[in-house]
Number of protein chains: 2
Amino acid sequence: MATAADSELHVAAATGLRQVDQRYTAGRRVLVEVLDTASRPLSIPEILKQRRPRLPQSSVYRNLGVLEQAGVVRRVVSTDEFTRYELAEDLTSHHHHLVCSRCGNVEDFTPPPELERSVERARTSMGAGVGFNADTHRLDFIGTCRDCA
Amino acid sequence: MATAADSELHVAAATGLRQVDQRYTAGRRVLVEVLDTASRPLSIPEILKQRRPRLPQSSVYRNLGVLEQAGVVRRVVSTDEFTRYELAEDLTSHHHHLVCSRCGNVEDFTPPPELERSVERARTSMGAGVGFNADTHRLDFIGTCRDCA
DNA sequence: CTTCCTGCAAAAGTTTTGCATTAAC
DNA sequence: GTTAATGCAAAACTTTTGCAGGAAG
C-alpha cells in the first residue's frame with residue numbers, strides 16, 4: 001500500500017502488457033488497483049460494484065482477459081458460477097485458497113513451506129509418461145467459511 | 001466393467017438418493033453409467049452428446065444437482081466456463097486432476113500417498129483461528145495436455 | 001392413487017461481440 | 001495522425017424454472 005510498492009506494481013503490470021503489445025490504459029490500471037486492494041479473488045459482479053459510477057461491464061470482461069494474457073492477473077475458479085480474478089503471483093506472492101462450498105467465497109491462505117515442498121516434489125517428479133506437462137499446482141481447502149458456519 | 005461392480009455402484013447410488021428422499025429413476029441411472037464409463041470428469045455438453053437421442057438438457061441439469069445433493073456425484077471446476085461432474089469418491093476412489101490451461105480438459109490423477117499425508121496433515125492442523133472449517137482438499141496440477149502440446 | 005420426476009419451451013443470468021467514438025502512443 | 005481501447009447495446013451461451021403429462025412407489 002506504500003507509494004513505492006504501488007509504483008512497482010504498476011511498472012510490473014505495464015511491462016507485462018507491453019510484452020503482449022498492449023497498452024496500460026486507465027481502465028486497466030483501475031482493475032489492477034481494485035485487485036491489489038482486495039485480500040481475496042474478486043468475482044466480476046464484485047468488481048463492477050466496487051466503483052461508482054460502475055465500471056463498464058464489457059471493458060471489465062475484455063480487460064481482465066487481456067490482463068490474464070499478459071500474466072498480470074489470474075483466473076480463479078470456485079464452487080459457484082462466477083469467475084474470479086486476483087493479481088498474478090509474480091506481482092504478489094505464492095498462496096492458496098480457502099473455498100467455501102456453500103457461498104463460493106474465496107479467501108487467500110498461505111500453507112506451511114513443508115507442504116509446498118511436498119507438492120512441488122510431486123509435480124516435478126511426475127514423468128512425461130502421463131502425457132501431461134504440469135506447470136504449476138492448485139491446492140485449495142474446501143469447507144465452510146465464517147459467514148456460512 | 002464387471003457386472004458385480006456395476007451392481008455395487010447402483011446400490012450405492014440408490015442408497016445415497018434414498019437418504020435425501022429421492023428416487024433412483026432411469027434418467028439418473030443413465031447419468032451414473034455415463035460418468036462411470038468416463039475416466040475423467042465430463043462437462044454437461046459432453047454428457048448431452050453422449051447418447052442418441054440426446055438426453056434432455058433440463059433433466060440432466062436437474063438430476064446432476066440431485067445426485068450432487070445425494071453425494072453420488074461431485075462437481076469439478078476447471079479453467080473454462082463449463083461445469084464438470086464425476087462420480088463421488090465414496091463410489092470410486094480418492095484422486096486428483098490434471099487440468100489443461102488451454103482447453104480446460106480434465107484427466108484423473110492419483111498422486112503418491114506421501115503427498116496425500118502431507119496435505120491432510122496441513123488440513124487437520126489448520127486451526128479454527130483462521131475462521132474456516134476445512135472439510136477436504138482440492139489438489140490439481142495445471143499445465144498442457146497431450147492434445148494441446 | 002398420490003407424489004415426484006420428466007421434458008419441452010421459455011426465462012434468467014453470465015459472458016461475448018459489433019460498432020461508432022475516444023484515448024493512447 | 002494512426003492505431004488500438006472504450007462503452008453502449010444487443011447477441012450468444014450456459015444454466016434455471018414453469019408447467020402439463022407420465023412414471024415410481
Side-chain angles (χ1 to χ4, degrees), chain A residues 10-11 13-34 41-70 72-73 75-85 103-104 106, chain B residues 10-11 13-34 41-70 72-73 75-85 103-104 106:
Chain A
H10 289 301
V11 169
T15 303
L17 284 166
R18 216 171 304 121
Q19 283 173 350
V20 292
D21 284 310
Q22 295 281 346
R23 300 167 181 172
Y24 196 31
T25 62
R28 295 170 184 179
R29 199 171 293 121
V30 169
L31 285 174
V32 168
E33 279 163 9
V34 165
L42 297 179
S43 69
I44 290 173
E46 283 175 329
I47 294 170
L48 293 175
K49 281 180 220 138
Q50 197 94 20
R51 298 254 166 154
R52 207 170 0 263
R54 283 196 175 208
L55 298 171
Q57 167 177 271
S58 64
S59 297
V60 169
Y61 275 98
R62 260 193 288 236
N63 283 330
L64 287 171
V66 169
L67 290 167
E68 188 185 13
Q69 298 301 314
V72 175
V73 307
R75 183 190 267 248
V76 175
V77 290
S78 175
T79 55
D80 62 12
E81 64 274 26
F82 295 104
T83 301
R84 287 171 172 74
Y85 285 91
C103 69
V106 182
Chain B
H10 290 302
V11 169
T15 303
L17 283 166
R18 216 172 301 120
Q19 284 173 351
V20 292
D21 284 309
Q22 294 281 346
R23 300 167 181 171
Y24 196 32
T25 62
R28 294 171 185 179
R29 199 172 294 120
V30 169
L31 285 175
V32 168
E33 278 164 8
V34 166
L42 297 179
S43 69
I44 290 172
E46 284 175 328
I47 294 170
L48 293 175
K49 281 180 220 140
Q50 197 93 21
R51 299 255 167 154
R52 210 171 356 262
R54 284 195 175 209
L55 297 171
Q57 166 178 276
S58 63
S59 297
V60 169
Y61 275 98
R62 259 192 288 236
N63 283 331
L64 286 171
V66 169
L67 289 168
E68 189 185 12
Q69 298 300 315
V72 175
V73 307
R75 183 190 270 247
V76 175
V77 292
S78 175
T79 55
D80 61 11
E81 64 273 27
F82 295 105
T83 301
R84 286 172 173 72
Y85 284 91
C103 69
V106 182

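Throughout, a chain's letter reflects where its sequence line sits, starting with A, and its residues are numbered from 1.
What separates CZ of A:Arg18 from C1' of C:dA24 is a distance of 13 Å, to the nearest Å. For the pair A:Arg51 CZ and D:dG7 C1', the interatomic distance rounds to 17 Å; values are reported in whole Å. One interatomic measurement links the two molecules: CD of A:Gln22 to C1' of D:dT6, which rounds to 13 Å at whole-angstrom precision. Protein atom CG of A:Leu31 is 10 Å distant from nucleotide atom P of D:dG7, rounded to whole Å. Separating the CG atom of B:Asp21 from the P atom of C:dC4 is a distance of 9 Å, rounded to the nearest angstrom. In this structure, A:Arg28 places its CZ atom 12 Å from C1' of C:dA23, rounding to the nearest Å. Spacing between atom NZ of A:Lys49 and atom C1' of C:dG13 amounts to 13 Å, rounded to whole angstrom units. In this structure, A:Phe82 atom CZ and C:dA12 atom C1' are separated by 12 Å, rounded to whole Å.
Closest contact between the side chain of A:Tyr61 and the listed nucleotides C:dT17, C:dT16, D:dA5 involves C:dT16. Side-chain proximity of A:Ser58 to D:dC8, C:dT16, C:dC8: nearest is D:dC8. Listed nucleotides C:dG18, D:dG18, D:dT15 differ in distance to B:Arg62; the shortest reach to its side chain belongs to D:dG18.
Phosphate proximity of C:dT6 to B:Asn63: present, with a side-chain N or O under 4.0 Å from OP1 or OP2.
Proximity of B:Leu42 to B:Arg84: side-chain heavy atoms (C-beta onward) are nowhere separated by under 4.5 Å. In this structure the side chain of A:Thr83 never reaches within 4.5 angstrom of the side chain of A:Val77, judged on heavy atoms. Taking 4.5 Å as the limit, every side-chain heavy atom of A:Phe82 sits out of range of all side-chain heavy atoms of A:Ile44. Taking 4.5 Å as the limit, some side-chain heavy atom of B:Leu17 sits within range of a side-chain heavy atom of B:Val66.
Mapping B:Ser59 and A:Pro56 onto DNA chain D by nearest heavy atom places A:Pro56 closer to the 5' end of the strand. The 5' end of DNA chain C is approached more closely, in terms of each residue's nearest nucleotide, by B:Arg23 than by the other of B:Arg23 and A:Thr83.
Within 4.0 Å (heavy atoms only), A:Gln57 reaches at least one base atom of the nucleic acid. Contacts of A:Thr25 with the nucleic acid, taken as non-hydrogen atoms under 4.0 Å apart, involve only primed sugar atoms and P, OP1 or OP2.
Taking both residues in full, the closest heavy atoms of B:Leu64 and B:Val73 are given as O-CG2, 3.8 Å, listed atom of the first, atom of the second, then distance.
Within the structure, side-chain hydrogen bond (donor to acceptor under 3.5 Å, both in side chains) contacts touching residues 18-31 of chain B (residues at least two apart or in different chains) are B:His10-B:Tyr24, B:Gln22-B:Arg28, B:Arg28-B:Asn63.
In this structure, the helix from C:dC1-D:dG25 to C:dC25-D:dG1 shows an angle of 50° between the axis at its start and the axis at its end, each fitted on 5 base pairs and rounded to 10°.
Of the inter-residue distances, the one linking A:Leu67 atom CG with A:Arg75 atom CZ reads 13.0 Å to the nearest 0.5 angstrom.
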